Structures are given as C-alpha cells and as structure tokens.
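Below is one structure; the comments refer to it alone.
Labels below follow one simple rule: chain letters A, B, ... track the order of the sequence lines, proteins then strands, and each chain is numbered from 1. Since we're looking at a predicted model, the values are computed, not measured.
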Protein chains: 2
Amino acid sequence: MKKVNDESSTVIELCSKSNAITRKLDGNLGAIHGIGFIEYMVLHHLNESPQLLMRRIDLADSLGRSASGVTKMLNPLEKIGLVSKEVNPRDARVSLVKLTASGLKTYQQASNSLNQVAVGIFQRIKPAEIQRIQDLFNRLVV
Amino acid sequence: MKKVNDESSTVIELCSKSNAITRKLDGNLGAIHGIGFIEYMVLHHLNESPQLLMRRIDLADSLGRSASGVTKMLNPLEKIGLVSKEVNPRDARVSLVKLTASGLKTYQQASNSLNQVAVGIFQRIKPAEIQRIQDLFNRLVV
DNA sequence: TCTTTTTACTTGAATAGTGCAGTATATGTA
DNA sequence: TACATATACTGCACTATTCAAGTAAAAAGA
C-alpha cells in the first residue's frame, strides 16, 4: 500500500536536501564572512536587480519568506551597513532596500566561498544536468 | 562580470523554492491535521523505516536538521501520542523513536493532503522528469 | 468625491531551531 | 585492564521566523 505519490516524495527530498545545504552554508559563510546563507541570498537578489534596489515584498517572494521575516532580518544588515533603506517617491508605502558598496564587496567575497562549496555539492552531477535542474525549478508552481 | 557560478545559483534557487514550499505546506497541513511539514516528514521517515523505528540521529540526518532540533521537535509529538520513545537494549546511549498507531493514522490522512498539493506544485513538469529530479537529488553531496 | 478594498510594511507575542556544554555509554588502543 | 576518544542524546541561552494585529498609503468603485 503506497502512501505518498512521486510528487510528494520529491517534495520531501527537496526540502530535506535544502535544510542540510542551508545548515552547511550557514556554518561556512558565518565562519568566514559573518553572515548566514539567508543574508547572502538577500545580497545576491539585490545584486541581480536593476539599480541594486528592491522592494521588501519582492525580496520576501524571492526568498520564499514572510514579509515580517524580511523586515526583521534586514535590521541587522542595515546596522552593519551592507544594505540601506531608500524611499519610493511614487509610492509612500514601499520601503526600498539597496545594496551598499560595502554590501557589494561582502557579496563578492562570500560568493567565492559559496562557489567552492556549491561545486562540491554538485560534484557528481554533469554541468548539462545542472542547467536542466535549474530550468525545472523555474517551472515549479509555488 | 559574473559573480556566482551555475552551481551556486542552482543552490540558491533550490533553497528559495524549498522555503516557499515549506511555508505553503506548513499552512496547509497545520490547518487540516494540526502538524507542520517538518512533523509530517518525521512521520514519513518513520513509516519508511523497518519496524517504524529510528534512532534520533538518523532522523536528524534524514531531515537535514541538528540533533538538538530533533530532540526538541519530538517532545510535542510524543505528548500528543504520534510517536513513542523506545530503548535500544544493545546500546544504552540511543533513544529510538517509534511511529504509534495514532501516528500512522495521522500520517496516512496527511499524506492525502500532501499528495494533492504536491501534484499542484509539479503540474507543469512531466512524470518522467519528476523521476529524474529525484535521482539527481540522491546524487547531491551534502 | 467619498468609501471600500487592497497593498506594503512594522510590531509584539509565541514558536521553532541552533550551537555549545554537559552526561552517559561505547569503542579503540596501549 | 586502563585510558583516551568517539558517539548519542539532552538542556540551556540565544537567534530566527511566523502569525496576527495594526498603521498608513494607494487603487478601485459608487
């Protein structure tokens, strides 16, 4: 008697691996650069966006986290000067987050560490397949 | 100027999706069955193992979580009777976790909910590709 | 215009998760 | 045997994350 379908067991595997990877990277980045993996992801998404600028709500979506989680997480990052708060003249509700010069520098350094660890994680998977995985992720409906 | 390699951006995507999925399933399972997704995963791994029995440390590995995290999480599950604590006569250090009859029932019911949600998540991906993803996950080195 | 609804964000209370230190048991080695 | 090291687990202090409630501004509708 089968209890879960293929989709479910894949979801379970996905989240287990993600937990393990997050823990590993938290330790790695934390020891070397003083930020966790989630903080790294903030810097990454800012770096990818035009003008290094994002709305908090879009950041929450990109990270798969709640709005309040983003608010709280950003406080320490502002305090240590990796990001700054900007206003949107068109809409007074939004509070934009910007990557500072210092944040960019930390991002670039931490990226080197991440690159090494990430290569280790995918060492048994061919480059073409990595591309393929990423394509599949983009088609997930969450 | 490229900052992160393909491996890194795939890791970032993986963890973002996992966060979003976890949040979605926490809400879904919590509302209907009174357990979060992580608790569901505990029941799932116990159900998959022989005699419905696991060591706490192996459970932690399967979940990608710390040993103390498992200890803490298991307390409420024992209190509501979904799992029970067993001793290992061969090794007094280990404390085994067993899926109870009540836990099995909850697991089976929650699996129905999960199956539905999981199908929705993979709706744009072909069955053959789902198999493929799972195979790739098993080859990750974490 | 005035009112309702939606959106963006923040705060507080509660919960969850971590690392580290400590305990107890088992294993390896001389 | 004795001793050092490794393993399994737990408790504690700290950090992180969430939900629900609240504020304020924008958009939509009458």
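- Heavy-atom nearest nucleotides on DNA chain D were determined for A:Arg90 and for A:Glu39, and the one closer to the 5' end corresponds to A:Glu39.
- Distance B:Asp91 CG to D:dT7 C1': 8 Å, rounded to the nearest Å.
- A side-chain donor from one of B:Tyr40 and B:Ser111 sits under 3.5 Å from a side-chain acceptor of the other.
- At a threshold of 4.5 Å between non-hydrogen side-chain atoms, the residues A:Leu104 and A:Gln108 count as touching.
- In 5' to 3' order, the nucleotides of DNA chain C bounding all contacts with chain A (an atom under 4.0 Å from a heavy atom) are C:dT7 to C:dG19.
- A straight line from CE of B:Met73 to P of D:dT17 spans 17 Å, rounded to a whole angstrom.
- If you check the side chains of A:Ser84 and A:Glu86, you find a donor sitting under 3.5 Å from an acceptor.
- Here CD of B:Glu129 is found 13.5 Å from CG of B:Asp135. Values are rounded to the nearest 0.5 Å.
- Residues B:His45 and B:Leu59 form a side-chain contact, since some pair of their non-hydrogen atoms from C-beta on lies under 4.5 Å apart.
- Rounding to whole angstrom units, CG of residue A:Leu63 and C1' of D:dT17 are separated by 13 Å.
- The closest side-chain heavy-atom distance from B:Thr22 to B:Ile38 is not below 4.5 Å.
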Can you give me every donor-acceptor pair (side chain of residues 72-82 of chain A, partner residue at least two apart or in another chain, under 3.5 Å) with its distance?
{"unit_1": "A:Glu78", "atom_1": "OE2", "unit_2": "A:Arg56", "atom_2": "NH2", "d": "3.3"}

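- For A:Arg23 (side chain) and B:Gly64 (main-chain N/O), a donor-acceptor pair under 3.5 Å exists by modelled atom type.
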**Prompt:** Along nucleotides 9-15 of chain D, 5' to 3', which nucleotides get a B, which get an S, and which get a -, given that the test is a protein heavy-atom distance under 4.0 Å?
**Reply:** SBB-B--
